[in-house]
Every structure is written in C-alpha cells, then in structure tokens.
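First up is the structure itself, then whatever we jot down about it.
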Amino acid sequence: MNPYDHDRIEKKWQKAWESKKPNKVKEDPKKKKFFTLIEFPYPSGDGLHVGHIRSNTAMDIISRKRRREGYNVLYPIGWDAFGLPTENYAIKTGIQPSIVTKNNTDTFRRQLKALGFSFDWSREINTTDPKYYRWTQWIFLQFLKKGLAYKKKLTINWCPKDMIGLANEEVVDGCCERCGTKVEQKEKEQWMLAITKYADRLDKDLDETDFLEKIKIQQRNWIGKSEGAEIEFPIKGSDKKIKVFTTRPDTLFGVTYVVLAPEHAFVDEFISHADNTIEVAQYIKAVREKDEEERTNAKAAKTGVELKGIKAINPVNNEEVPIWIADYVLADYGTGAVMAVPAHDERDWDFAKKYGLGVKDVVMPLRTDKTNPHRPGKEVIERNAVQVIIRDPKNQKILCLKWKKQPWTTFIVGGVEGNEDVVEAAKREALEETGYKNLKFIKVLGGKVRSEFFAAHKDVNRIAYFNVAYFELENEERNEISAEENEIHELVWLDQKDIRKDTMQCGELDIWMHRLMNDNWASVEPGLMINSAQFNGKDSESAKKEITAFAGGQWVTKFKLRDWIFSRQRYWGEPIPVVHCAKCGIVPVPEEQLPVELPKVKNYAPTETGESPLASIEKWVNTKCPACKSPAKRETDTMPNWAGSSWYYLRYADPKNRKAFADPKNLKYWTPVDWYNGGMEHTTLHLLYSRFWHKFLFDLGLVPTSEPYKKRTSHGLILAEGGEKMSKSKGNVINPDNIIKTIGADALRIHEMFMGPFDQAIAWDTNTIAGSRRFIERVWKLQEKVGQGGNERIETIIHKTIKKVSSDIEDMKFNTAISAMMIAVNDLEKEERISKAHYEILVQLLAPFAPHVAEELWAILGNKASVHASVWPTFDPKKLTESTVTMTIQVNGKMRGTLECAADTDDATIQKMALDKPEIAKWTKGAVIKKVIVVKNKLINIVVQ
RNA sequence: GCCGAAGUGGCGGAAUUGGUAUACGCACACGACUCAAAAUCGUGCGGGGUAACCCAUGAGAGUUCAAGUCUCUCCUUCGGCACCA
C-alpha cells in the first residue's frame with residue numbers, strides 16, 4: 001500500500017476529468033433531468049471564500065448522488081461579475097474592469113477546479129460578457145414594451161461615498177449596505193421596474209414551491225400583503241374627501257381624528273385655508289429636513305400639527321373630527337392618510353396622549369378562562385364587576401386573595417351594585433374583603449373586558465364585564481374582616497413576578513398587567529363592538545366588511561413591497577438600452593442592435609452631479625434616434641447588479657444561443673431548477689427579483705413554468721474564528737489554497753461538511769480540521785484489510801450506513817452522514833479482514849464527499865469505470881437489524897440493565913428474562929408489578945410499587 | 001414591538017421524532033512504539049460519591065410507565081422586519 005498522497009491523487013483525477021469531461025451534459029429526452037443550482041459567485045479580488053466551498057460542496061454531493069441514481073444532472077457555474085468592488089478597484093488603479101474581471105474569474109476557476117466540483121464547465125457564463133448582457137438588455141426592453149419599466153422622479157437613497165443610488169433593499173439601518181456610509185436623500189429621475197404588479201402572485205405562488213418554510217415566511221413578510229378598507233372622509237364645507245386605508249374598519253366609531261402624511265396632496269391644497277398656515281408650513285419644512293433615519297425611527301416621539309379650522313366628517317356617524325399632519329404616517333403606503341383610533345392603535349394612542357386628543361373605546365376584548373371554563377347545564381349570569389389591585393409602595397407587593405375552597409388566587413373581586421361607579425365599588429369590596437381603610441386611588445386600568453368563567457363559589461357560569469381599579473396602600477390601619485369573608489379566602493401579598501397566568505385564576509390577567517405597567521392602553525385585539533350604534537354586540541372581526549360597506553368604502557389589498565429602483569449612475573453595469581430623442585422622447589434601442597456595449601473609458605469615477613461616468617463619453621452618448629434619425633442621446637444609467645442574476649439560470653439551459661436567451665426546447669427540458677441552494681441574505685433581494693423576472697417571462701410565453709425554482713434551501717455562513725465576519729480588512733480570511741496544499745481538497749470538503757449543521761452559521765476552527773484528514777487516511781488504510789471477511793454485524797453496519805448516508809444527504813444533514821461513515825470505519829477497523837464488497841460500498845458512499853480519494857481507491861480495487869458513474873448503493877431493510885438485539889431494562893422508568901435476546905422475542909419471554917436477572921430482581925423483589933411496557937427490540941419498562 | 005430559529009460536556013455538536021442523553025469529531029490525560037519528538041496505536045474523559053447509587057439537556061411547574069423531545073410560565077442568545085395604519 002502506498003501512503004495517502006492527496007496532492008498526487010487529486011491532480012491525477014482532476015486531469016482525467018478535465019480531458020474526459022464526465023459532467024458535460026446534453027439534453028436527452030430519454031433521461032429524466034435534475035437541475036441543481038448554486039448562486040453563481042461574484043469573482044472578487046479576494047479569491048474563493050471558504051463559504052463558497054461549503055455551499056458548492058453541498059450541491060456537488062447532491063448532484064453526484066443524483067447522477068448515480070440515473071438522472072441527467074445539470075450542475076452549472078458562472079460569474080456574476082458586474083458590480084461595485086471591481087469598479088472601485090478600477091477607479092483606484094485605472095485598470096479596466098473587464099481585465100480585473102478576467103483575472104478574478106481565472107483565479108476562481110482554478111480554485112473551483114482544485115476542489116473537484118462536478119460542474120459542467122462547458123456551460124460557463126459571465127454576466128459582463130456582451131453576448132450575455134445582450135439578453136439582459138433584451139429582457140429589459142420587454143419590460144419597457146409592456147409598460148413595466150418606467151421613469152419616475154423620486155427622492156432616492158443616495159450613498160455619498162459610493163456616489164450611487166440605492167434600492168430600499170440595499171439600505172440597512174439607514175446606511176449603505178456595502179460601505180456602511182449614512183444614506184442621504186436626493187431627488188432624481190430613476191428607472192423603475194413594476195414588481196408591485198406581481199406582488200400578489202409572488203405571495204400566493206409560494207404555496208406551490210418547496211422552499212424552506214423560513215424562506216417563504218421572510219418573503220411573505222417582505223411583500224407584506226394586508227387586506228383592509230379604503231374609506232372616504234368628506235371635508236366639512238367642501239366637496240373634497242380624504243381617503244384613508246385601514247385594516248380595522250370595525251373601529252370606525254372610535255375615530256377621534258384623521259392624519260395625513262406631510263407629503264399628502266391634500267396638504268398643499270388646503271394649507272392656505274387653514275387658520276394656522278404658517279405653523280403648518282414650518283412643520284412641513286422641518287420634516288423635509290429630517291433624514292430617512294429620523295423619519296422612520298419608530299421609537300422617536302411622534303410629531304405633528306393640526307390643520308386648524310378644517311374638519312373631516314366620519315361617514316359612519318357624521319361626527320366632525322380634526323385633521324392632523326404627522327410624519328408617523330407614511331406617504332407611500334396605503335393612501336398616505338389614516339383614520340386615528342387611539343383606543344385601538346398604539347401609535348394613535350401615543351399621538352393622542354401627546355396632543356390631548358380624544359380616546360374612544362369601541363371594541364371590548366373577550367376572554368374565556370381556559371382552566372376554568374363554563375360548564376354545560378349551569379345557569380349563565382352576566383354582571384358588571386370590578387377587580388381591585390392594591391400595591392404596597394414600600395415593597396411593591398400586590399395584595400391578592402387565596403381562596404380556601406377553590407384552588408384559586410385572585411385579585412380582590414366583586415360585583416358592581418346598583419348605580420355605584422367603579423371606584424366606589426372597588427373601595428367597598430376592598431374594605432369588605434381586606435379591611436384596609438386607607439387606600440389611595442391611582443387610576444382605573446382602561447376599558448372593560450368581557451370575561452367568561454365558572455364561578456364555583458356561586459355554582460354559576462359567569463359572564464363578567466370587568467373594570468380594574470388600582471390603589472396604593474397608605475398605611476396598615478384596617479378593620480376586622482367578617483367571619484364570612486375569612487372563611488372564603490385569606491390575604492396574601494405577592495411579588496409582581498409571582499403574578500402570572502399559571503399562578504393566578506384570571507383569564508384576562510395579561511391585559512391588566514400590561515395596563516398596570518405601561519402608559520399605552522391601546523387594545524389591538526378583536527372583540528365585541530361597543531359604542532358603535534347598530535353594530536353594538538357584533539364580533540369586530542366578522543363585522544369588518546359590513547361596516548366598510550355601511551361607510552361607503554371599498555375592501556382592498558395592499559402591499560408593503562415597493563417598485564424596484566432599477567437605475568444606477570455607475571459604469572460597470574449593463575447600459576439601459578434606450579435613447580432620448582428631443583422629438584420622440586424615450587426610444588428603445590432596436591433589438592437587432594443589441595447589445596449596447598459599454599465603451600472603454602479613461603475615468604471610471606462617477607461625476608459630482610450624480611451622473612454616470614458614461615455621460616462624459618460624448619462619442620458614445622451622442623447617437624441617432626432609432627425612430628426619426630435625428631441627433632439624440634443615449635441613456636447613461638446602468639442596471640443594478642441584480643439584473644444579470646435575475647435570469648442567469650435560464651441561460652445555463654442554452655448558454656451559447658445567439659438567436660434567443662435560450663432555445664424553448666432546452667428550457668422545456670431543463671427548467672425549472674429542481675434544487676437551488678443559497679444564502680438567507682438573498683431571500684428578499686435576488687430570490688424575489690428573479691421570481692419576478694421569471695413570472696414576467698412566463699406571461700410572455702418565453703419560459704414553461706411560472707416559478708423558476710422548485711426547491712430552495714439555504715446554508716449557514718462561515719464566520720472567522722472569533723465569530724466575526726471574515727473580511728480582508730480584519731485579516732481573518734481563510735485561504736483555501738493553503739489548506740488544499742497541506743491536507744488536500746477532499747479533506748477540506750469533508751471538514752466543511754462535518755463542522756456543523758449545514759443550515760447554521762458556524763465559526764471556522766483550524767484545530768478540528770485534522771480530524772477530517774485523519775478520517776480519510778483511515779479509510780485509505782482499510783484497503784490493507786480487504787480479503788476474505790465479513791460477518792452479520794458488519795453486514796448490518798454497512799446497510800445502516802447506506803440508509804443513513806442516503807437520507808442524510810437528502811436532508812442536507814451532511815455532518816451526521818459523515819459521522820455515520822466514521823462509525824462504519826471504526827467498526828471495520830476492528831475486523832481482521834473485511835470483504836471487498838463492503839469496502840467498495842464504503843468508497844461509493846464516500847465518493848460524493850471526497851471524490852478524488854474515492855476514485856483512486858475504486859481504481860485500486862480493480863474497477864475500470866469511474867466510481868462516480870457507479871450505481872448508488874441501496875440497503876436491504878431486512879439487514880438493518882441483527883438476529884440478536886440489546887434491549888434496555890428499566891424499572892419505574894430508570895435504566896437498570898440491558899438484555900441480550902433474539903430479535904422479535906415475544907413480550908412474555910422478555911419479561912421473564914428481565915425479571916430473572918439479578919440486577920433487576922434487586923429492584924423488583926418484594927414489590928407488586930403493576931405494569932410492564934415493552935417496546936419491540938428496544939426497551940422493557942417494569943413498573944412496580 | 002412583531003416574525004423566525006435556537007439554548008445539551010472544556011469545544012463543534014448527536015439523539016431513529018416520546019424509549020439506554022452526551023453518538024461522531026476536536027481538545028485533554030495516561031500508556032505503547034521511539035534515543036527523543038512528531039505521527040500512529042491503545043485506554044480514559046458530564047458532575048458528586050470508597051461504593052451501592054445519586055444528580056444533570058437555560059430556569060420552574062405539568063402530562064406520561066417513560067420527557068432534551070409534548071403542554072404551560074419565565075429567562076437568554078442569534079437572525080429578519082420594524083411608525084406598513
């Protein structure tokens with residue numbers, strides 16, 4: 001046996017694969033296809049990241065397994081090469097971005113090949129190749145043709161460092177996603193793509209996909225679908241109306257004012273009619289001067305100003321309500337105006353408290369005490385009632401009643417008699433039940449709550465309409481408590497932490513405690529409508545549509561998703577293929593003239609005015625109008641780097657096509673992508689954008705399915721050793737080249753798959769990598785044992801390993817798949833001799849993980865064909881258990897011994913065998929056996945007393 | 001605040017979905033081989049106790065013959081969204 005020489009073996013087989021191209025695929029209608037996809041990398045100057053290796057290896061393992069299950073597998077690779085880092089490098093060094101890209105992709109290609117990934121290299125694509133971006137531009141023209149690409153003047157997020165406009169998605173906490181610089185606001189004409197036209201389908205069609213649930217949830221949250229009502233509030237003495245959007249039309253009777261966003265068109269129109277024009281104008285000016293972060297910070301105190309002298313009319317009760325302007329209302333969501341219901345909306349509550357506006361309760365929360373519900377057959381009695389919270393300010397304890405005949409602890413509680421008010425009733429009850437005479441009334445804790453429970457002490461089903469009054473104890477002075485009261489309950493002082501749902505008998509406890517501890521009592525939950533005229537008594541949730549109709553409103557759907565800002569004022573992107581003509585306006589470049597190629601320039605830096613550097617290339621900018629042939633100017637904006645990645649997977653189906661972005665026949669064969677793995681960070685950007693493009697192309701009949709990806713999974717990030725992000729500036733980047741050199745690509749692959757659960761983030765750990773290398777060496781050394789060998793135990797282990805590795809790969813549980821192979825190796829090592837057949841199976845299972853060493857061992861074992869072309873091993877369910885099994889013996893649920901017996905022994909025999917064992921007899925002696933539980937081939941539990 | 005995921009040895013992490021908690025690997029300790037070291041091989045390795053045993057999966061209750069797993073009540077960490085009416 002030769003020693004394991006990873007360098008020789010890996011180079012040998014990489015050379016062989018380079019010439020034989022075993023992973024080059026052709027469309028073959030006779031074979032079922034499988035399309036595996038990784039996110040094609042951005043070829044940065046840093047070279048391949050260990051994170052790339054993790055996700056590429058995962059999909060490589062899956063691809064290799066699928067091939068051996070008989071699929072025609074397309075596992076392609078390409079370069080998402082437009083983008084800022086390359087451009088910034090060009091600005092700094094003056095080297096053309098295309099040359100930088102060429103150098104970087106050469107490095108990436110070399111590194112990926114050194115890892116033995118089974119890509120079909122013949123289909124390599126590059127988004128910066130004019131032959132590729134010709135089709136990116138072509139798709140843009142289709143959007144333009146359908147009216148889904150349009151120009152709009154808007155304030156954009158402007159990064160002053162990168163001198164680039166950013167999409168909302170690229171702004172994180174008010175800062176540029178890339179460089180962390182604080183984003184400014186700038187007015188600019190921008191190209192937009194109307195993704196909102198697809199919002200509903202992007203949401204709904206998630207149902208059809210097999211994406212990880214967390215990915216679907218994140219996309220849904222981002223799209224932000226919500227249903228509600230649009231309702232018009234007429235202006236008093238005018239025929240104008242303010243249209244508001246609300247998801248809570250059931251609270252219409254609780255409206256105490258209306259709020260407009262500062263940008264709302266109505267403000268301009270009516271500002272001069274207000275009694276306080278100057279004040280309002282000053283407020284609007286102040287808001288304009290705020291930056292995005294101040295504007296959208298929910299924690300900041302709300303500000304606003306009333307439009308004095310102008311009133312809106314509530315359509316449900318003709319009440320006049322004031323109109324306010326406040327920047328907590330967003331101009332670009334809903335109608336830019338809201339009806340304010342402080343009693344049932346936390347933001348409105350804060351605002352109303354600050355400016356002294358009214359609060360009107362119109363929905364009463366409903367609670368049933370689940371631990372003490374109504375009992376059938378008992379009388380139902382409704383009544384007004386009060387609970388009293390008394391706190392001792394000296395120690396913050398709260399006075400409660402511990403009931404003697406019921407397992408309850410409650411606040412002081414009682415009925416409201418006759419025409420007593422809440423506070424009177426509370427004082428009376430407190431005096432009767434506690435005797436404390438000097439209580440300082442603090443406040444009533446908000447509106448009533450309807451509470452259902454069984455009042456055991458009265459033997460009735462109670463429906464109580466509770467208020468809570470809150471008092472503080474002034475001193476200990478108290479009356480004697482009556483004997484009757486003493487018989488029912490005793491007094492206890494409890495810490496606030498001991499007043500919880502599980503310790504107190506009170507179905508609506510959370511409401512009271514929230515109101516006790518917070519100043520914001522807005523109740524957002526549905527319930528029973530009150531103070532709402534003919535709607536009183538209705539369930540608020542189910543009355544929404546009815547009250548909307550009564551108010552003359554419309555039931556509508558709204559989305560948080562905004563249209564996609566598609567312009568970038570930069571050089572290194574696809575030029576937007578249109579021409580501006582003084583006579584004809586915006587004219588698309590004729591399709592046969594595509595691509596509009598990027599010209600070579602001397603200076604890549606963006607201009608101070610915020611225009612693309614392309615604007616200064618006069619030879620390029622000045623052109624003729626394709627329509628009227630008069631002098632015209634080219635559009636100088638380029639596309640964002642999300643453009644090329646929005647359709648790249650389609651190009652893989654037919655990467656060299658000159659007549660179309662791909663031949664429909666090839667698309668029909670290969671698409672949709674069967675399994676797409678990528679980062680969670682792309683869930684709301686790339687993944688959503690590409691689903692949008694795909695649906696658009698589907699509507700044009702250009703792709704065969706409405707969804708691009710059948711299944712989407714995601715990997716966890718690999719962090720640097722301290723748990724921070726890896727970055728060149730921190731100097732904590734792991735270079736894969738060094739690792740490949742010292743321990744080999746196979747060991748690196750194994751290590752990355754073994755280091756932890758694939759979907760979780762994990763910090764790089766240099767120490768543990770030796771174990772992976774050791775594992776390969778141990779597999780290597782097993783070749784010496786091949787001969788006449790094998791027994792039932794090994795047979796079982798091999799079949800268990802086939803089962804475990806096969807299912808773990810499908811579940812992306814690569815770490816436990818490797819662990820299963822390690823266990824098998826440990827067991828095989830204990831044998832004098834192992835059979836060739838068993839060893840071959842081990843090598844076959846290892847092959848997707850460590851393709852080079854597996855191929856070498858497979859050849860050593862005398863196989864002529866590639867291990868990667870061998871059929872994936874299958875297990876025999878009959879061979880998963882041995883003829884004898886080891887069972888656990890428990891006595892009263894505690895492990896007391898084990899039992900060797902034949903598999904499938906009957907329960908009675910097992911019981912007898914177990915009881916005969918001295919270490920078991922010890923525990924059962926003299927006791928009565930109450931029960932025996934046997935779990936077949938696993939466990940027996942003897943319950944004694 | 002809302003949505004989601006998770007809390008298990010010194011560390012990364014297993015646990016067939018309710019059935020021997022700590023698999024597998026790393027680190028560590030001791031032993032073998034060696035002049036020596038490295039590598040390799042072997043043994044040990046949650047805590048307490050001489051032992052029989054007892055205690056331990058973020059904390060506390062509960063359901064069950066049996067709970068890391070299920071239910072409640074809390075706590076903590078990490079991701080995503082965040083004035084979306």
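The sequence lines fix the lettering, A, B, ..., with proteins before strands; numbering per chain opens at 1. Everything numeric here is computed off the predicted structure, so don't read it as measured data.
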Next item on the list: Quick one: do A:His715 and A:Asn677 satisfy side-chain hydrogen bond (donor to acceptor under 3.5 Å, both in side chains)? Show the steps, please.
Entry: CA-CA 7 Å; A:His715 53 255; A:Asn677 185 78; 3.0 Å; yes
Check: Is A:Glu829 salt-bridged to A:Lys781, cutoff N-O under 4.0 Å?
Finding: no
Next item on the list: Kindly state which residues belonging to residues 931-945 of chain A come within less than 4.0 angstrom of RNA chain B, counting heavy atoms of the residue only, listed by number.
Entry: A:Lys931, A:Ile933, A:Val935, A:Lys938, A:Leu939, A:Asn941, A:Val943
Item checked: Qualifying residues under side chain to side chain donor-acceptor pair (under 3.5 Å), relative to A:Glu721, sequence neighbours excluded -> A:Thr766
Notebook entry, point to check: Counting only side-chain N and O atoms of A:Ser226, is one of them less than 4.0 Å from OP1 or OP2 of B:A85?
Noted result: yes
Note to self: Applying salt bridge (charged side-chain N to carboxylate O under 4.0 Å, His left out), can you list everything that pairs with A:Asp502, at least two apart in sequence or on another chain?
What the structure shows: A:Arg500
Polar-atom pairs under 3.5 Å, protein N or O versus N or O of nucleotides 70-74 of chain B: list them with distances, or write none.
| residue | atom | partner | partner atom | Å |
| --- | --- | --- | --- | --- |
| B:U73 | O2' | A:Arg500 | NE | 2.6 |

Next item on the list: Quick one: stems involving RNA chain B, counted as three or more successive Watson-Crick or G-U pairs, both distances short of 3.5 Å.
Entry: B:1-7 with B:75-81, B:10-12 with B:24-26, B:28-32 with B:40-44, B:46-48 with B:53-55, B:58-62 with B:70-74
Next item on the list: List in numerical order all residues of residues 761-779 of chain A for which some heavy atom is under 4.0 Å away from an atom belonging to RNA chain B.
Entry: A:Ile762, A:Asn767, A:Thr768, A:Gly771, A:Arg774, A:Arg778
Margin query: For B:C55 and A:Lys894 - does any side-chain N or O of the residue sit under 4.0 Å from the phosphate oxygens OP1/OP2?
Written below: yes
Checklist line | side-chain N/O A:Asn815 vs B:G25 OP1/OP2, d < 4.0 Å | finding: no
Check: Does the pair A:Asp332/A:Arg562 count as a salt bridge with the N-to-O cut at 4.0 Å?
Finding: yes
Note to self: Would you say A:Asn518 places a side-chain N or O within less than 4.0 Å of OP1 or OP2 belonging to B:G1?
What the structure shows: no
